[in-house]
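Just below is one structure, and these are the notes that go with it.
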Amino acid sequence: MSLVGALPFLKPRLSPSVSPGRQRRHTLPASEFRPLNTQDAISVFEIEKEAFISVSGDCPLHLDEVRHFLTLCPELSMGWFEEGRLVAFIIGSQWDQDRLTLDALTLHKPKGSTVHIHVLAVHRTFRQQGKGPILMWRYLQYLRCLPYVRRAVLMCEDFLVPFYQKSGFKVQGRCSITVASLTFTEMQYPVRGHALMRRNSEAIGFPQTVLLLEEPIQRSESSVNQTM
């Protein structure tokens, strides 16, 4: 996709071995970042299942929930594609309270100034390559383009706290959400936007328009989202 120089964190990177002038027509970009849509839902869920089921026994988002959020707020998602293949992704939604509650797992609150990051996952083939931190950095930089966003929050198991701290997240305390015997830490990242970034945000293909929909989807308390 076409991107502006003012936003290098969302600029596709071409393969260093092939000059742009010598690329074949219709070839897919070597690497690109773009918002996800409902057509990506199955690929998202396949990566998510493999990443989480063996560790936690459940997925942060089930397939219907993936489609739910990619319908309501696709602009709060980001996918990393290499030669057209999804290799990593983040899905978020808006939230309007200081702390996360069970409602945050299924609701998108378009008047909220907080982005709740539901899930970050990387395809197994591309792990241990630093893609998770890179994608998170790009996502947080992108959030600075959105004038309504003041902070990002997530919940994670304790062993993941250092991972998110390296991305700039701070511990907010114990999360009120539990899954069976599992407890979580709630973390937040202050988003300090820049006027120039926000003025140019529409040029990168991530629309600022937020759908005014809040319909929840039904889910039992035993299936609670966590980030990774």
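For the single chain, residues carry numbers from 1 onward in sequence order.
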TODO: If the plane angle is over 60° it's perpendicular, under 30° parallel, otherwise tilted; pick one for His123 and Phe126.
DONE: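 It falls in the perpendicular class, over 60°.
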
Open item on the list: Check the orientation of Tyr164 and Phe169. Use parallel for under 30°, tilted for 30 to 60°, and perpendicular for over 60°.
Closed with: perpendicular

Please answer whether the main-chain N or O of [Y] pairs with a side-chain N or O of [X] as donor and acceptor at a distance below 3.5 Å.
X	Y	result
Glu48	Leu61	yes
Ser77	Leu36	yes
Arg124	Glu50	no
Tyr139	Ile91	no
His68	Thr106	yes
Gln172	Met187	no

Distance-only side-chain donor-acceptor flag, [X] / [Y], under 3.5 Å:
X	Y	answer
Ser31	Trp80	yes
Arg99	Ser176	no
Arg150	Thr114	no

- [ ] May I ask you to check whether His108 and Phe69 place their ring centers less than 6.0 Å from one another?
- [x] no

May I ask you to decide whether [X] forms a salt bridge with [Y], counting only side-chain N to carboxylate O separations under 4.0 Å?
X	Y	result
Lys49	Glu46	yes
Arg67	Asp40	no
Glu186	Lys170	no

Grab the two heavy atoms, one from [X] and one from [Y], that are nearest each other, plus how far apart they are.
X	Y	answer
Ile177	Phe184	O-CD1, 3.3 Å
Thr125	Arg85	OG1-NH2, 4.0 Å
Phe52	Cys59	CB-CA, 4.3 Å

Open item on the list: On the six-membered ring of Phe81, is Arg34 placed so that its NZ or CZ lies under 6.0 angstrom from the centre and within 45° of the ring axis?
Closed with: yes

Task: Hydrophobic cluster membership, Val161 vs Leu120, 4.5 Å side-chain cutoff - done: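 In one cluster: yes.
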
Task: Intermediate values then yes/no, side chain to side chain contact (heavy atoms under 4.5 Å, CB included), Val115 and Arg151 - done: CA-CA 6 Å; Val115 170; Arg151 66 182 186 132; over 6 Å; no

- [ ] Measure the shortest side-chain to side-chain distance between Ile47 and Leu86 over non-hydrogen atoms and say whether it is less than 4.5 angstrom.
- [x]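 Result yes, sub-4.5 Å side-chain heavy-atom pair found.
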
Task: Close side-chain approach of Leu70 and Asn37, heavy atoms under 4.5 Å - done: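 With C-beta onward as the side chain, the pair stays apart.
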
- [ ] Could you grab the distance from atom OH of Tyr189 to atom CG of Leu154, nearest 0.5 Å is fine?
- [x] 12.5 Å

